[in-house]
There are 2 protein chains.
Amino acid sequence: MGERGETEATGRVTIRDVAARAGVSVATVSRVLAGNYPTSAASRAKVLRAAKDLDYVANAHARALAGAGRKTIAVLLLDVVSSYYAAVAQGVEKEAAQHDRLTLVASTGADPARELALVQMMREQTAEAVVLVGGVVEDAAYRERMAQYAQSLAAAGSRLVLCGRPAPAPDVPAVVVEYDNEAGAHAVTSHLLGAGHRKIAMIGYQPGNTTGEDRVRGYLRALADHGVPRSDAVLHGVGFGQHNGDRAMRDLLDRCDGKPEFTAVFAGDDRVALAAVKVLHAYGLRVPEDISVVGYNDDPVAADMTPGLTTVHIPGEELGRTAVRLALGDTGRSQQRRQLLGTHIVIRDSVRPVTP
Amino acid sequence: MGERGETEATGRVTIRDVAARAGVSVATVSRVLAGNYPTSAASRAKVLRAAKDLDYVANAHARALAGAGRKTIAVLLLDVVSSYYAAVAQGVEKEAAQHDRLTLVASTGADPARELALVQMMREQTAEAVVLVGGVVEDAAYRERMAQYAQSLAAAGSRLVLCGRPAPAPDVPAVVVEYDNEAGAHAVTSHLLGAGHRKIAMIGYQPGNTTGEDRVRGYLRALADHGVPRSDAVLHGVGFGQHNGDRAMRDLLDRCDGKPEFTAVFAGDDRVALAAVKVLHAYGLRVPEDISVVGYNDDPVAADMTPGLTTVHIPGEELGRTAVRLALGDTGRSQQRRQLLGTHIVIRDSVRPVTP
DNA sequence: CTGAAAGCGCTTACAG
DNA sequence: CTGAAAGCGCTTACAG
């Protein structure tokens, strides 16, 4: 400000400008600014003064090329606004910031081609790690894709982090952070069973999607554990989300002319649960007086809706934090590392004991 | 894969490796990969083949240093999960992606020092634009800070974008994208007035914060327009958010022993509205039968809660998109550019005409 | 403690 | 159409 540097006329001011104004070499400027090398108090003062006068900031690209500077973490999600993804993104960003990393976000829109393109871009950026978030359909194509990502990232000194996604083969050099999806489903179903419910409908999950499948597995296991015959299970998953929840709930109610045999509904996620409650009301059924409802995710809506929804909490932000923590861990070995985070049930007001 | 390159033994494969394998010069590799220069079909084929064999991706830092490559947009928000910020972030990311830009996110936690540090980092990254999101207390310090950001960013060929924030002095080289905050408040208050409400309590905004002040202004103007004396206005803003909404609503109700004179509540944001409805219920007051309630933001909770909340829609994602669109516009002039986005009222079920 | 110089991996005039 | 070379802005051995 105020004083005008010789070279700052146009464009950026570089380390050369600072050196000139301070009357020292470029090397010295670099060293005092990095502060990782002995420098005399005199040059230190001159350099700092000059840098401030010129409002100098180093060029991160040049720094990176020279093998130094701040690193970057990339997070690739289906979208940015959904509460689960937003929570993971926030965890990634916060943990990254704590380790003095910057974070790059991009949304894939569930498009594998886009995902691949983004992984390549992140390789170009020499991201220190790229974390992939979100459930998927786990098929051979998926596994192969992940193996390739992991390989090419590793070759560039970066690493792949799978967050809430199934791990590829054990020899694939990836970091995996998951949450205990099945246990949560088991717990919340058991909660219903413990309240005396026997006939529990499970709706609102996407068949084939690993997240949905794991929840179904937990539900079925809980039923079995409580001696409910498999034939009493009612499964109707047409997809996640509010729209699908609405549809699934209506299907079930229409099938029985609005007089269901089930006394409780386990919704694949909280938005499905919200839709289910609304449909139930529309059919003249009260929640929880007539029908109990539980969800999954502990989305903000669960606490906001009426009645408050009993659901399973997923540690979204913690998943993100753990993802970068693990990614930043010893870069030495290239073997796979995994971590499983716990889930727990959050009890609110949408479940009532069945009265015989 | 498969075949092993000569130099790829350790670390990254560079353009030099590709050139060697293809039997051409580094310059030629650069040109065919960039595709912005005439090259023979023969070399093109060889280069592409070699690049593929070696799984080559260019180093973005080297590219950037050489004055080419993909640009980056930075977005700085209070936090990542709040629905408004998440919506803006999503808009920024999507629009940036459409223009082949990458997006860097960081949260400031409402800390000016952190904000400043982030702006510097983004300067280092040579971000093409840095978008600052969120309401603020507009004082001299704020204006000066923004002027400095704008200045130093401009000096580096980047630009400052203020999103949903007051513009600094007109000569400051910034881009400003706002939404019509006051008009929205005016509209929703008028909606209440049109339904016969005269005594309308406004709660849940933060005094001093520009966002809150603008909403109060719209409320007051609507009252005046409808001939309601200023003395009938009841203003009780102790802050945004659910917690403050709960507190404000209780305050008001306690003051009158649960028998309010007001027949309607205008909440400063939707989470405040949610809290207000819950408190009202707790006091035995029905919404909208006894008291009408409106909010602001059109947060997801507005559609989810019961009753559905009549509120003002803010075009969050569109704000983000517009921010980058404007930032990417002609880089020529360094004067300020502004855009005001509209808001509109969303009518749901939380308002009822007053019956005399 | 400090400077000159090489080098990071690209791109782009400049010749040919 | 193609190559040799300079240059982008730093950092870091290497001498001193």
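Each chain gets a letter, A, B and so on, in the order the sequences are listed, and its residues count up from 1.
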Could you tell me whether [X] and [Y] make a salt bridge, using a distance below 4.0 angstrom between a side-chain N and a carboxylate O?
X	Y	result
B:Glu318	B:Arg325	yes
A:Glu124	B:Arg70	yes
B:Glu178	B:Arg338	yes
B:Arg101	B:Glu95	no
B:Asp139	B:Arg143	no
A:Arg21	A:Asp17	no
B:Arg12	B:Asp55	no
B:Glu115	B:Arg145	yes

What range of DNA chain C does chain A touch, first nucleotide to last, counting atoms under 4.0 Å from its heavy atoms?
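Taking any atom under 4.0 Å from a heavy atom of chain A, the span is C:dC1 to C:dG9.
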Quick one: stems involving DNA chain D, counted as three or more successive Watson-Crick or G-U pairs, both distances short of 3.5 Å.
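Stems found: C:1-3 with D:14-16, C:5-12 with D:5-12, C:14-16 with D:1-3.
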Is there a side-chain contact between [X] and [Y] in this structure, where contact means two heavy atoms from C-beta onward sitting under 4.5 Å apart?
X	Y	value
B:Leu116	B:Tyr149	yes
B:Val133	B:Leu78	no
B:Thr72	B:Gln125	no

Work out how far the C1' atom of C:dG16 is from that of C:dT12, and round it to whole angstrom.
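Comparing C1' positions in C:dG16 and C:dT12 gives a spacing of 16 Å.
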Which part of the nucleic acid, if any, lies within contact of B:Ala68, taking any heavy atom under 4.0 Å across all strands shown: a base, the sugar-phosphate backbone alone, or nothing?
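Sugar-phosphate, backbone atoms only, no base.
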Classify the nucleic acid contact of A:Ser30 as base, sugar-phosphate or nothing, counting any heavy atom under 4.0 Å across all strands shown.
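The residue A:Ser30 makes base contact.
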What parts of residues 58-67 of chain A reach DNA chain C, counting only heavy atoms under 4.0 Å away?
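Nucleic-acid contacts, sorted: A:Leu65, A:Ala66.
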Residue met sooner reading DNA chain D from 5', once B:Ser43 and A:Val26 are mapped to nucleotides:
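This one resolves to B:Ser43.
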Comparing B:Tyr37 and A:Ala27 on DNA chain C - which has the more 5′ nearest nucleotide:
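The residue mapped nearer the 5' terminus is A:Ala27.
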